[in-house]
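Quick notes on the structure that follows.
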Amino acid sequence: MKLHLQTLLTQAIDRLRQDGWLPGAVPVDIPLERSRDRTHGDFASSLALSLAKIARCKPRDLAERMVAALPASDRLAKVEIAGPGFINFFLTPTAYHATVGEILERGDAFGRSALGGGRRVQVEFVSANPTGPLHVGHGRGAAFGATVANLLEAVGYQVHREYYVNDAGRQMNILAASIWLRYLEHCGEPIRFPSNGYRGEYVRTIAAQLYAEQGSAYVVPAARVFADLPADEVRDEAGNLLGTGDKEIYIDALVERAKALLGDHHYRYLFERGLNTILDDIRDDLREFGVVYDEWYSERTLEEQGAVNQTLHRLRTAGYVYEKEGALWFRSSAFGDEKDRVVERDNGQTTYFASDIAYHLEKFERGFDWVIDVWGADHHGYVPRVKAALQALGENPDRLDVLLVQFAILYRNGERAQMSTRSGEFVTLRELRQEVGNDAARFFYVMRKSEQHLDFDLDLAKSQSKDNPVYYIQYAYARVCSVLRQLREKGFSRDEQRGLAHLSQLSELHEEALLVALSRYPEVVEAAALSHEPHQLAHYLRELANAFHTYYNEHRVLVPDDALRDARLNLSLATRQVIKNGLNLLGVSAPEVM
RNA sequence: GCGCCCGUAGCUCAGUUGGAUAGAGUGUCGGCCUCCGAAGCCGAAGGUCGUGGGUUCGAGUCCCGCCGGGCGCGCCA
């Protein structure tokens with residue numbers, strides 16, 4: 001519909017140019033938006049306002065000429081000029097009635113388009129380190145990323161969903177060491193847990209499993225484990241630093257000690273055991289949450305293929321790597337970053353950043369037209385350096401979009417419910433899902449703009465009332481299903497064609513409002529997809545449900561008149577279809593009975 | 001200190017490339033079930049869009065300063 005009107009306006013401009021009213025420059029984008037007020041018609045264009053200057057005449061006069069030059073269309077009831085020079089379009093009822101037929105015909109495909117032209121886009125999201133279960137912060141990234149991917153797919157992109165598994169880094173060694181220490185503790189050894197180790201309860205669980213399976217094969221006396229290690233960081237209960245210990249140096253030394261005492265074989269097993277247990281858990285968790293990936297990309301594979309070293313080599317050859325204080329630095333400041341960054345530490349280990357450069361280069365080399373990363377907002381300072389690296393490697397950094405997601409803060413009884421991650425006691429995604437359900441979690445996570453902090457009201461998410469937008473929308477769906485059941489119980493038959501033939505009987509104000517809402521759906525999906533803003537769809541679905549509830553409350557669907565009843569049934573079924581399609585994109589179910 | 005994000009009704013938030021009289025939900029108050037699901041609907045009240053300038057036909061939206069909040073500024077990831 002929108003496109004149709006824009007085409008008409010373009011033709012009008014062309015005619016005015018030929019007649020010499022307008023200079024040669026033609027705007028590519030024709031401004032056209034949904035009118036906010038019914039008295040302003042269905043669509044409004046400010047085209048005359050923006051072109052008045054170059055046309056050297058008053059906006060209203062230009063608007064007059066444009067309207068006069070507008071080609072005829074059976075979808076237009078009338079065109080008016082209003083205010084300073086807006087052109088308001090009033091559609092014919094037929095234009096809206098056609099939407100019902102289109103929805104019923106296209107079904108699940110209604111709202112989908114070919115806008116993306118099959119271009120390949122990769123969406124990488126969550127990618128939490130496999131060092132512990134996903135928490136509620138990851139949950140937002142999961143819901144957001146999955147929905148952005150769904151939306152892009154809906155508008156015609158070929159989407160590749162990917163999870164980057166940090167299974168090679170130093171953090172994984174720290175996890176392995178943490179498990180081992182808990183294992184030793186489990187076996188009665190007097191250990192002192194490192195300040196930089198993973199303290200979560202799940203580490204103890206894995207340690208206990210290891211013991212149950214392997215017995216005391218991995219036991220080494222604590223005295224040997226801790227002999228001659230550098231000082232760890234020590235803090236008092238208030239968190240003040242005591243002594244001069246360095247937690248990074250200490251944990252690295254502890255990891256080396258573990259490798260030395262356990263030997264390659266045992267250490268390897270321990271490492272794999274921790275990684276696989278946690279990664280399996282993350283996979284299950286996400287799958288249960290309705291988040292499915294095309295690929296789990298292993299950092300270790302990347303490293304084993306030599307990609308990290310090759311990338312560093314390329315950067316060095318290009319002249320952007322130098323040595324300072326025993327480490328290798330990438331000159332990211334040459335590409336707009338605040339300062340240069342270390343890619344290889346003085347102990348020879350490459351940094352997380354180094355493998356991330358290699359990974360992103362590899363993404364580009366895989367031939368994606370567009371690469372999207374979803375990151376926690378606390379990583380925003382990281383964006384310039386990754387883009388800098390891509391640019392240094394001769395790639396176009398604009399092909400990468402980094403979407404930042406702010407934290408979610410849980411509220412229960414009006415108070416913050418989130419615990420600190422430092423202590424290892426955090427609310428996991430699984431706990432959240434078990435408490436409020438997948439549907440509420442998926443919906444609430446994307447209800448707000450991603451760059452906005454999210455106040456997640458647990459009580460509201462659990463409530464089964466109109467206050468809860470998820471139930472409100474699902475209820476509209478269930479109501480239509482209920483009407484169909486009533487239809488059978490009352491012995492009515494349904495004839496879709498008869499309904500389509502009598503759509504003109506849908507002339508009530510509430511029916512018109514519902515028709516308008518339905519016709520907006522494709523525009524909403526397109527806007528939400530292109531701006532990466534799932535919340536637009538969430539808000540829309542609420543409005544659509546409201547339009548239906550209002551209508552339903554005011555008028556009966558199952559009236560005695562066959563033609564009117566079938567027309568209203570078609571309208572209701574079209575509503576049900578759009579709600580289903582929208583919820584499906586959000587990863588929320590549409591139950592027939594609640 | 002520097003960088004990024006945010007500031008809209010009591011609370012939580014929308015506000016479409018700058019457009020017409022700034023909107024929802026919630027909360028408060030008041031109505032609506034002999035009738036397809038009241039898990040619903042309708043109405044009232046509630047605003048110096050943090051603040052001061054600027055850009056223009058027009059600014060919640062764009063630019064600059066200031067105030068307030070969050071995050072970041074590691075040879076951590």
Side-chain angles (χ1 to χ4, degrees), chain A residues 27 29-37 39-40 44-46 49-50 52-53 58-59 82-86 88 128-129 131 166 169-171 174 196 247-248 251 324-329 338-339 341-347 349-353 356 376-384 404 406-407 411 414 447-449 451-455 457 460 463-469 471-472 474-476 478-487 489-490 492 523-524 527-528 531 533 535-536 538-539 542-543 545-546 548-559 565 568 572 593-594:
Chain A
D29 290 327
I30 304 292
L32 186 72
E33 60 183 30
R34 290 273 175 179
S35 302
R36 296 166 199 223
D37 190 329
T39 64
H40 295 141
S45 176
S46 59
L49 294 172
S50 57
K53 202 168 227 174
K58 290 180 183 170
F86 290 104
N88 293 335
N129 283 349
T131 53
N166 288 104
R170 180 168 163 262
Q171 296 305 317
I174 296 176
N196 213 19
K247 62 180 181 180
E248 306 290 352
I251 197 80
K324 190 178 85 178
E325 294 161 5
L328 289 181
W329 298 69
E338 290 173 0
K339 52 197 274 195
R341 311 291 176 177
V342 171
V343 287
E344 190 178 306
R345 302 204 288 159
D346 57 7
N347 66 5
Q349 286 183 350
T350 52
T351 59
Y352 171 89
F353 178 44
D356 227 27
D378 54 332
H379 286 61
H380 72 256
Y382 203 75
V383 179
L404 301 173
Q406 286 283 359
F407 291 124
Y411 284 86
M447 201 163 52
R448 305 290 177 225
K449 282 200 287 216
E451 61 263 38
Q452 189 85 249
H453 287 277
L454 175 68
D455 287 337
D457 187 333
L460 180 62
S463 82
Q464 303 196 357
S465 72
K466 71 188 173 85
D467 308 353
N468 185 340
Y471 279 86
Y472 185 83
Q474 289 179 324
Y475 182 48
R479 264 187 154 171
V480 179
C481 296
S482 175
V483 169
L484 284 184
R485 288 191 295 271
Q486 283 290 323
L487 177 79
E489 283 175 25
K490 294 188 175 179
F492 285 124
E523 294 162 32
V524 171
S531 58
E533 293 185 344
H535 76 274
Q536 290 191 29
H539 281 271
R542 212 208 162 276
E543 287 165 20
N546 175 247
F548 179 75
H549 285 311
T550 301
Y551 168 54
Y552 184 87
N553 212 262
E554 197 67 27
H555 302 286
R556 291 185 64 80
V557 175
L558 301 178
V559 292
R565 185 180 65 246
R568 288 184 171 174
S572 301
V593 181
M594 297 171 65

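So you know, we letter chains A, B, ... as the sequences are listed, proteins then strands, and number each from 1. We use all heavy atoms of the structure for the numbers below, so side chains are in, but hydrogens, waters and symmetry mates are not.
- The two residues A/H380 and A/L404 come nearest to each other via the heavy atoms CB-CD1, 3.4 Å.
- Taking atom CG of residue A/N553 and atom C1' of nucleotide B/rG31, one finds them 13 Å apart after rounding to whole Å.
- Among the protein residues, A/E451 comes within range of the sugar-phosphate backbone only, with heavy atoms under 4.0 Å from sugar or phosphate atoms but none that close to a base.
- One can place OH of A/Y382 at 12 Å from C1' of B/rG74, the figure rounded to the nearest angstrom.
- B/rC33 has its base syn relative to the sugar, with a glycosidic angle deviating from 0 by at most 90°.
- The distance from atom CG of A/D378 to atom C1' of B/rG69 is 17 Å, rounded to the nearest whole Å.
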Distances under 3.5 Å between protein N/O atoms and the N/O atoms of nucleotides 26-29 of chain B, please, pair by pair.
{"from": "B/rU26", "atom 1": "OP1", "to": "A/K466", "atom 2": "NZ", "distance (Å)": "3.0"}

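- Contact annotation for A/N129: backbone-only contact, meaning every heavy-atom pair under 4.0 Å involves sugar-phosphate atoms and none involves a base.
- Spacing between B/rC42 and B/rU26 at atom P, rounded to whole Å, works out to 11 Å.
- Regarding contacts with the backbone of B/rC41, a side-chain N or O of A/N546 is found under 4.0 angstrom from either OP1 or OP2.
- The side chain of A/R479 places an N or O atom within less than 4.0 Å of a non-bridging phosphate oxygen (OP1 or OP2) of B/rA38.
- Within 4.0 Å of A/V480, counting heavy atoms only, lies no atom of the nucleic acid at all.
- Taking atom C1' in both B/rC29 and B/rG10, one finds a spacing of 14 Å when rounded to whole Å.
- Classification of A/R170 and A/E248 as a salt-bridged pair holds, one side-chain N sitting under 4.0 Å from a carboxylate O.
- A/V483 has its side chain out of reach of A/L487: every pair of non-hydrogen atoms, C-beta onward, lies at least 4.5 Å apart.
- Here A/Y552 and A/F548 bring their ring centres to under 6.0 angstrom of each other.
- Looking at heavy-atom distances under 4.0 Å, A/Q171 makes contact with sugar-phosphate atoms alone, never a base.
- For B/rG74, the OP1/OP2 oxygens have a side-chain nitrogen or oxygen of A/K339 closer than 4.0 Å.
- A/D346 is not listed as a side-chain neighbour of A/E325, based on a closest heavy-atom distance of 4.5 Å or more.
- Between B/rC33 and B/rC49, the distance separating the two C1' atoms is 40 Å to the nearest Å.
- The residue A/A82 sits close to a base: some heavy atom pair falls under 4.0 Å.
- When distances are taken from the side chain of A/H380 to each of B/rC36, B/rA77, B/rG72, the shortest belongs to B/rG72.
- Using atom C1' as the reference point in both B/rG72 and B/rA77, the two lie 14 Å apart (nearest Å).
- Under the 4.5 Å side-chain criterion, counting only non-hydrogen atoms from C-beta, A/P384 is not in contact with A/E338.
- Taking atom P in both B/rU61 and B/rG50, one finds a spacing of 8 Å when rounded to whole Å.
- Between A/H549 atom NE2 and B/rC36 atom P the separation is 16 Å, expressed in whole Å.
- The side chain of A/E338 lies closest to B/rG72, out of B/rG72, B/rC36, B/rC75.
- B/rG7 and B/rA38 have their C1' atoms separated by 38 Å, given to the nearest Å.
- The listed nucleotides are B/rC36, B/rA77, B/rG74; the one nearest the side chain of A/E248 is B/rG74.
- Remark: A/R542 is positioned above the aromatic ring of A/Y472, its terminal NZ or CZ atom under 6.0 angstrom from the ring centre and at most 45 degrees off the axis.
- The listed nucleotides are B/rG72, B/rA20, B/rC75; the one nearest the side chain of A/V342 is B/rC75.
- The two atoms that bring A/P84 and A/P59 nearest to each other are O-CB, 3.3 Å, heavy atoms only.
- In this structure, A/T550 reaches the B/rC42 phosphate: one of its side-chain N or O atoms is under 4.0 Å from OP1 or OP2.
- Pairing analysis of RNA chain B (Watson-Crick: purine N1 to pyrimidine N3 plus N6-O4 or O6-N4; G-U wobble: N1-O2 and O6-N3; both under 3.5 Å) yields stems of 3 or more pairs at B:1-7 with B:67-73, B:10-13 with B:23-26, B:28-32 with B:40-44, B:50-54 with B:62-66.
- Spacing between B/rG46 and B/rG23 at atom C1', rounded to whole Å, works out to 13 Å.
- Summarising the geometry, the separation between NE2 on A/H40 and P on B/rA22 is reported as 12 Å, rounded to the nearest angstrom.
- For A/N88 against B/rA20, a side-chain-to-base donor-acceptor contact under 3.5 Å is present.
- In the model, A/R479 has a side-chain atom that pairs as donor or acceptor with a side-chain atom of A/H549 under 3.5 Å.
- Across the protein-nucleic acid pair, A/L404 atom CG and B/rC5 atom P stand 9 Å apart, rounded to whole Å.
- A/H379 contributes no side-chain N or O that forms a donor-acceptor pair with the base of B/rG72 under 3.5 Å.
- Per the stacking criterion (ring centres < 5.5 Å, plane angle < 30°), A/Y552 does not stack onto the base of B/rC41.
- Ring geometry, A/H539 versus A/H535: the interplanar angle exceeds 60°, so the pair is classed perpendicular (tilted spans 30 to 60°).
- Taking atom C1' in both B/rU56 and B/rC62, the straight-line distance is 11 Å, to the nearest Å.
- In this structure a side-chain-to-backbone donor-acceptor pair under 3.5 Å is missing from A/S482 to A/A478.
- The closest side-chain heavy-atom distance from A/C481 to A/V593 is not below 4.5 Å.
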- At under 4.0 Å between heavy atoms, which parts of nucleotides 7-19 of chain B does protein reach? Answer with one letter per nucleotide, 5' to 3': B base, S sugar-phosphate only, - none. -----SSSSBB-B
